[in-house]
Structure formats: C-alpha cells, structure tokens
Amino acid sequence: MSALHLVPGAPQPEPARPLQALARVSFGPVPIDFDRLAAEIPAVQSGLALAGDADLELRLACTGPEELRAVSAALLRAGAAHVHVDLVLRALVPTHPVLRPVP
C-alpha cells in the first residue's frame, strides 16, 4: 500500500462547472473587452458579438450559483449597462440525418 503525498506548489485540479448559463450583455458608454473578460473570468467559455438588443452573448460554465452571481457583478463592474442571465437546462442537437452529396 502506498501513501498519497501532496506536492507543494503542484497545480490544483480545475473545479467542476456544472451550472451552464447564457449572459446577454449590453454595453455602457464604453465597449467591454471580450478577450480581457475571457482571460479574467474562468467561467466565460465563448461569446458572440451581436447587433440588436444586446451587444454580447457569453456562454458561461460556473461552479454554482455563487460564481454565477459573481460573474454578473464582474460584468457590471467591467462597464456593462445591463446583464440578462438565462440558465441552460439542456443542449439541443438536431437528429436529422447528415446529407451526403450524390456521386
């Protein structure tokens, strides 16, 4: 039997991120830097720049409701005028067959 030894300074495993959400962000007077957000907020998985009611849509993966609230607050501090968050209940994938070209 061997003992488990912790190595000081060893990288910690990434926390599980089971809470999926979409955040629709409207800019304030200054546009938000998406690349900076993604670098500073680990929950940001990807984003879309939009033309319409919102300026950004961010796909988030959070460790729980506390992190989701913290991300929303961070977006407002970063200059967002409005943040609307929707929880993702499940992913939908089309089941139609893939069309192949006729030879």
Side-chain angles (χ1 to χ4, degrees):
M1 180 188 271
S2 63
L4 177 65
H5 298 284
L6 298 178
V7 178
Q12 298 297 315
E14 283 290 318
R17 299 187 168 280
L19 181 60
Q20 304 288 311
L22 296 174
R24 293 177 64 83
V25 179
S26 298
F27 293 154
V30 177
I32 296 173
D33 181 353
F34 171 76
D35 293 322
R36 193 185 100 239
L37 279 178
E40 292 176 359
I41 303 174
V44 175
Q45 303 298 299
S46 64
L48 297 169
L50 305 173
D53 292 336
D55 297 301
L56 281 178
E57 182 172 275
L58 303 176
R59 187 172 65 85
L60 305 174
C62 298
T63 57
E66 301 81 21
E67 183 180 31
L68 182 56
R69 281 190 292 275
V71 169
S72 294
L75 291 169
L76 291 168
R77 282 192 309 275
H82 181 73
V83 176
H84 177 85
V85 175
D86 290 310
L87 299 179
V88 174
L89 300 178
R90 65 186 176 110
L92 305 174
V93 179
T95 58
H96 57 77
V98 176
L99 299 177
R100 292 196 166 79
V102 177

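What you are looking at is a predicted structure, and each value in this text was computed from that prediction instead of being measured. Heavy atoms only: backbone and side chains are in, while hydrogens, waters and symmetry mates are out.
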What verdict does the side chain to side chain contact (heavy atoms under 4.5 Å, CB included) test give for Val83 and Val85, after you've listed the backbone C-alpha separation in whole Å, the side-chain angles of each residue and the deciding distance to 0.1 Å? CA-CA 6 Å; Val83 176; Val85 175; 3.9 Å; yes

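- Checking side-chain atoms of Ser26 against main-chain N and O of Ala80 turns up no donor-acceptor pair under 3.5 Å.
- Atom CD1 of Ile41 sits about 8.0 Å away from atom CG of Leu60, to the nearest 0.5 Å.
- Using a 4.5 Å cut-off between side-chain heavy atoms of Ile, Leu, Val, Met, Phe, Trp and Tyr, with links allowed through other members, Leu22 and Leu68 fall into different hydrophobic clusters.
- Hydrophobic clustering (side-chain heavy atoms under 4.5 Å, transitive across Ile, Leu, Val, Met, Phe, Trp, Tyr) groups Leu76 together with Leu56.
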Side chain to side chain contact (heavy atoms under 4.5 Å, CB included) for Leu19 and Arg17? Distances and angles first, verdict last. CA-CA 6 Å; Leu19 181 60; Arg17 299 187 168 280; over 6 Å; no

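- Note that CD of Glu40 is 8.5 Å distant from CG of Asp33, once rounded to the nearest 0.5 Å.
- Within the 3.5 Å criterion, the main-chain N or O of Pro65 finds no donor-acceptor partner in the side chain of Glu67.
- Minimum interatomic distance between Ala78 and Ile32 (heavy atoms only, all atoms of both residues): O-CG1, 4.0 Å.
- The line from CG of Leu87 to CD of Gln20 is 10.5 Å long, rounded to the nearest 0.5 Å.
- With hydrogens and angles ignored, the 3.5 Å screen pairs no side-chain donor or acceptor of Glu66 with any backbone N or O of Thr63.
- Rounded to the nearest 0.5 angstrom, Phe27 CZ and Leu75 CG are separated by 10.5 Å.
- Separation of atoms CZ (Arg24) and CG (Leu58) is listed at 10.5 Å; rounding is to 0.5 Å.
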